[in-house]
Amino acid sequence: MTLTATSALLTFDDGRLLRDGVPHQVLSGSLHYFRVHPAQWRDRLERLAALGLNTVDTYVAWNFHQGRPDRAASFEGWRDLEAFVTIAGELGLDVIVRPGPYICAEWDNGGLPAWLTATVGTRARTSDPAYLAAVAAWFDDLIPRLAALQASNGGPIVAFQVENEYGSYGDDASYLAWLRQALVDRGASELLYTADGPTDLMLDGGSLPGTLATATFGSRAAEAFGLLRSRREGEPLLCAEFWNGWFDHWGERHHVRSVPSADATLGDILDAGGSVSLYMAHGGTNFGLWAGANHDGRLQPTITSYDSDAPIAEHGSVTAKFHAFRSRFVAAGGRELPVPADPVILPARSVPVVRGAGLLPALGSIAPRGAQPTPPSFEELGIASGLVLYTATPRAPLGDIELSVRGLHDRAQVFIDGEPVGVLDGDGSLPVRGTGALVDLRILVENQGRINYGPLLGQGKGILGGVQLGRRLVHGWTATPLPLDEWTAVELAALAGADAGAALDASAAGFSTAHFVLGGDEPADAFLALPGFGKGFVWVNGFLLGRYWEVGPQTTLYVPAPVLEVGVNTITVLELLHSGTHLEFRDRPELGPPEEYVETF
């Protein structure tokens, strides 16, 4: 289906951005529908409007809509992108859509489906025919839905981004040109633009002739805008991502950006007459297993929170940064709307847990796949995320030997005859004492998030090489895929209680369950802490909140009010290392010791 329109609402002339022919500054903020519970979309968009913004922008995460190639993409419930766009329009906001298909966003696999990158590998984000065919099929479904909501058709969508910071990745100009035409052919008739870092190299690789070029940066606005002007005379100035905060990795500190620093750069952008989009205006949460990872010589998994030190905090409260930015935006012509009250927070309380099944007994109760000579990858097993339990019964040579794993992605817990031997983060070895007898070897591998940025995008998960005991490769494996994000509440309850008597002791790894009661006036947002627990996953009423890990920086997990229920609520924990005795609700978020974010651009 192709929709046509006479003209775009946003145009430009002689270096000025125009909206319906009138000079205009886009005052935008990023807010991702897939990181906010749908029952809270309207609230968060109202807060964004109260910030003084006139526009919201969002990525579209392909893998969030289409988890399997043999199933049609879903646009229902949490995935109802059209409903999100419609709500924004009802609140008087313009909408900018960034459909990718690659989005980065610290989102698992940069938004590309794992089943696609398993097929095309490093040919993703190129003009490879197999990749383009998959994108074309996805766009056939997605883009007409969005085109129907364009300003030219009475909707709020005023612009589309072509790909995402492609100049930081590759130089396949024919791919970018194909994508732009793919948008146009499917009805995108509003303003099209590209966005890249403010260097010649990045703009060379990511810009398209005849398409507005914009920059993404966190500082030195005059330099970035000067570079744009030198390359694209006559085009308006737009900072498509202003990095007013930053995201966090597990095991690092919590990044913050001071209000004076961020506010000063925002002032520079607006004073230059530039348009801007805050990245992020409201970060939200990487619920479930959607957090991605970076790689800087080692894997850097992103935490569950995506608060990003944004002006609207993860749970919706407004911050000092909000008030400073609001003054700027109102002065620049933004609406001065009432500021909503902060959300109600569940009071602090402690909830005891009941130990359920131990880790290996519970996961071992699930039927494995048939025997294979070598360990299959996550992709070969047909799952994108979660865990895989690999089992073999090799003969351990007599004496002190090394058990080594090659091609490990990402983290493995190794057990021999039911006893923990150690943990491997990537390739490595563990010392083993062999007796010459057959052993029950089990390796539990966790996908800690697919890489979302750089040349390792699309890298596979699981054991991609081999396992050795001493010099000898281990063959004859069964594998049990454990797609935690697909388990229903009924399946989860059955697993948590399976062979519960096999739990070793109160502090052992495995399942724990807690119940608590809320009265009719109590459901509210909450912050859940797991003192004494090491690393694992937590569900509330069958909803997978995400990962926790004692290495921090994040201590509390955000629990949105719509997940809680009047009456009995159930929390289920799958602990991989060591369990605590109780859970705690705390009255404020604890995202870790802060470290000032230093802008590189």
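Because the structure is predicted, anything quoted here is derived from the model rather than measured.
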[X] versus [Y]: any side-chain heavy-atom pair under 4.5 Å?
X    : Y    : value
N244 : P311 : yes
L116 : V120 : yes
S30  : S277 : yes
Q150 : S189 : yes
N63  : R450 : no
Q161 : T214 : no
F527 : V559 : no
E82  : L149 : yes

Quiz item: Taking the six-membered ring of Y102 as reference, does the NZ or CZ atom of R125 fall below 6.0 Å from its centre and within a 45° cone about the axis?
Solution: yes
Between [Y] and [X], is the closest basic N to carboxylate O distance under 4.0 Å?
X    : Y    : answer
R298 : D425 : no
E163 : R180 : no
R98  : E241 : yes
R19  : D94  : yes
D410 : K461 : yes
E590 : R586 : yes
R229 : E235 : no

Quiz item: Just one of R35, H32, R547 clears the side chain to side chain contact (heavy atoms under 4.5 Å, CB included) bar with N286, so which one?
Solution: R35
Kindly assign one of parallel, tilted or perpendicular to the pair [X] and [Y], based on the angle between their ring planes and the thresholds 30° and 60°.
X    : Y    : result
F325 : F242 : tilted
F225 : F217 : perpendicular
W138 : F75  : parallel
Y558 : H315 : tilted

Examine distances only and state if a side-chain atom of [X] and a backbone atom of [Y] form a donor-acceptor pair shorter than 3.5 Å.
X    : Y    : result
R44  : Q40  : no
D309 : R257 : yes
N54  : G334 : no
R335 : G52  : no
D307 : A313 : no

To the closest 0.5 Å, what do you measure between [atom1] ([X]) and [atom2] ([Y])?
X    : Y    : atom1 : atom2 : result
Y193 : L212 : OH    : CG    : 9.0 Å
N452 : L456 : CG    : CG    : 11.0 Å
I345 : D587 : CD1   : CG    : 8.5 Å

Practice problem: Let me see the working for L179 and F139 under side-chain contact (heavy atoms from CB on, under 4.5 Å), right down to the final yes or no. | Solution: CA-CA 10 Å; L179 271 181; F139 273 14; 3.8 Å; yes
Quiz prompt | Check: S385/N447 side-chain N/O donor and acceptor closer than 3.5 Å | solution =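 No donor-acceptor contact under 3.5 Å links the two side chains.
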Quiz item: When you look at CD of E90, are more than 12 heavy atoms from neighbouring residues, nucleotides or ligands closer to it than 6.0 Å?
Solution: yes
Self-check item: Residues, nucleotides or ligands: over 12 heavy atoms within 6.0 Å of D141 CG
Solution: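 Counting other residues, nucleotides and ligands, CG of D141 exceeds 12 neighbours.
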Proximity of [X] and [Y] rings by center, below 6.0 Å:
X    : Y    : result
W41  : F84  : yes
Y33  : H65  : yes
F247 : H255 : no
F537 : Y548 : no

Exercise. Apply the ring pair (Phe, Tyr, Trp, His ring centres under 6.0 Å) test between W107 and each candidate in Y59, Y453, W62, W290; give the one that qualifies.
Key: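 Of all the options given, the one that passes is W290.
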Quiz prompt | Qualifying residue for ring pair (Phe, Tyr, Trp, His ring centres under 6.0 Å) with F287, from W78, F34, F64 | solution = W78
Quiz item: Hey, mind stepping through H295 and Q300 against side-chain hydrogen bond (donor to acceptor under 3.5 Å, both in side chains) and telling me if it holds?
Solution: CA-CA 6 Å; H295 199 285; Q300 299 170 295; over 6 Å; no
